[in-house]
Amino acid sequence: QVQLMESGGGSVQAGGSLRLSCAASGSTYTNCMGWFRQAPGKEREGVAAIDRIGSTIYADSVKGRFTISKDNAKNSLVLQMNSLKPEDTAMYYCAASGDYCYTRNGRPYAPAFGYWGQGTQVTVSS
């Protein structure tokens, strides 16, 4: 079992930055960790993912603005979000998998992740 806890969400104006963190505990071997988000009335979507050797995947909508990084020794995950837009407003979830970083339509594929955090809210105002 892996337990995940996110932190760092909040409210910011468009163009601002936020840094999300995710701490993993328990059985901490994970090969792939990622960030997903879900806005009200919309499906959960993959934002970014990173595997154990540092290969990354980003959704097109966040490329060049968001950066995912991982500390394997601490089994922690960070999402640095810059140039935030109102459409980035969502609940952001950290997820982990002991398997490959599967993708669908260029995004991390949610069903491939077996462990999820509770989420942290990000609100971007115009």
Side-chain angles (χ1 to χ4, degrees):
Q1 288 290 334
V2 178
Q3 292 81 44
L4 303 171
M5 181 171 292
E6 304 94 338
S7 60
S11 297
V12 66
Q13 289 192 328
S17 299
L18 283 173
R19 182 181 175 91
L20 304 184
S21 297
C22 174
S25 60
S27 176
T28 54
Y29 176 78
T30 56
N31 184 63
C32 182
M33 295 187 75
W35 290 96
F36 293 77
R37 66 187 182 188
Q38 187 167 18
K42 294 189 177 181
E43 292 186 356
R44 187 171 297 190
E45 64 179 17
V47 175
I50 186 169
D51 68 14
R52 203 161 182 86
I53 64 171
S55 298
T56 56
I57 301 163
Y58 293 95
D60 286 345
S61 58
V62 306
K63 281 180 182 176
R65 300 188 299 122
F66 291 11
T67 302
I68 189 170
S69 59
K70 185 169 181 274
D71 185 330
N72 285 329
K74 297 180 180 179
N75 225 35
S76 62
L77 187 70
V78 170
L79 185 69
Q80 178 66 42
M81 304 186 296
N82 299 328
S83 301
L84 283 161
K85 303 176 180 180
E87 51 264 43
D88 295 318
T89 295
M91 185 71 78
Y92 282 70
Y93 297 90
C94 173
S97 168
D99 208 339
Y100 178 72
C101 281
Y102 290 99
T103 63
R104 176 164 289 183
N105 298 324
R107 294 177 175 272
Y109 183 52
F113 290 77
Y115 304 101
W116 293 85
Q118 295 297 309
T120 185
Q121 179 67 38
V122 170
T123 302
V124 184
S125 58
S126 57

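The structure displayed is predicted, hence computed values, not measured ones.
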Pairing residues for A48 by the side chain to side chain contact (heavy atoms under 4.5 Å, CB included) criterion, not counting sequence neighbours: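 By the side chain to side chain contact (heavy atoms under 4.5 Å, CB included) rule, A48 matches Y58, I68, L79.
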
Qualifying residues under side chain to side chain contact (heavy atoms under 4.5 Å, CB included), relative to S126, sequence neighbours excluded: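 Only P86 meet the side chain to side chain contact (heavy atoms under 4.5 Å, CB included) criterion with S126.
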
Salt bridge (Lys or Arg N to Asp or Glu O under 4.0 Å) against [X], all qualifying residues, sequence neighbours excluded:
X: D88; result: R37, R65
X: D71; result: none
X: K63; result: D60

Measuring from atom [atom1] of [X] to atom [atom2] of [Y], what distance do you get when rounded to the nearest 0.5 angstrom?
X: Q1; Y: S25; atom1: CD; atom2: OG; answer: 10.5 Å
X: D51; Y: K70; atom1: CG; atom2: NZ; answer: 8.0 Å
X: I50; Y: S55; atom1: CD1; atom2: OG; answer: 8.0 Å

Q118 atom CD: more than 12 heavy-atom contacts under 6.0 Å: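 No, not enclosed.
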
Residue pairs involving residues 64-95 (criterion ring pair (Phe, Tyr, Trp, His ring centres under 6.0 Å); sequence neighbours excluded):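 Sorted pair list comes back empty.
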
Ring pair (Phe, Tyr, Trp, His ring centres under 6.0 Å) contacts touching residues 31-51 (sequence neighbours left out):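 Those involving residues 31-51 are F36-F113, F36-W116.
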
side-chain contact (heavy atoms from CB on, under 4.5 Å) assessment of V122 paired with M91: CA-CA 6 Å; V122 170; M91 185 71 78; over 6 Å; no

Contact list for residues 104-115, test salt bridge (charged side-chain N to carboxylate O under 4.0 Å, His left out), sequence neighbours left out: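 Residue pairs with at least one partner in residues 104-115: E45-R107.
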
Residue pairs passing the salt bridge (charged side-chain N to carboxylate O under 4.0 Å, His left out) test where at least one lies in residues 92-102, sequence neighbours excluded: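 Sorted pair list comes back empty.
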
Other ILVMFWY residues reachable from V78 by side-chain steps of under 4.5 Å: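 For V78, no cluster forms, as it stays isolated from other hydrophobic side chains.
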
Check: T103 side chain, P108 main-chain N or O, donor-acceptor pair, under 3.5 Å: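 No; judged by distance alone, with no hydrogens or angles, the pair does not exist.
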
ILVMFWY network linking V47 to Y115, side-chain heavy atoms under 4.5 angstrom: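 Result: yes, single cluster for both.
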
Pairs satisfying disulfide bond (SG atoms under 2.5 Å apart), at least one member in residues 60-126, at least two apart: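 Sorted pair list: C22-C94, C32-C101.
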
Name the atoms and distances for all side-chain donor-acceptor pairs under 3.5 Å in residues 8-21, with sequence neighbours left out.
unit_1 : atom_1 : unit_2 : atom_2 : d
S17    : OG     : N82    : OD1    : 2.9
R19    : NH1    : Q80    : OE1    : 3.4

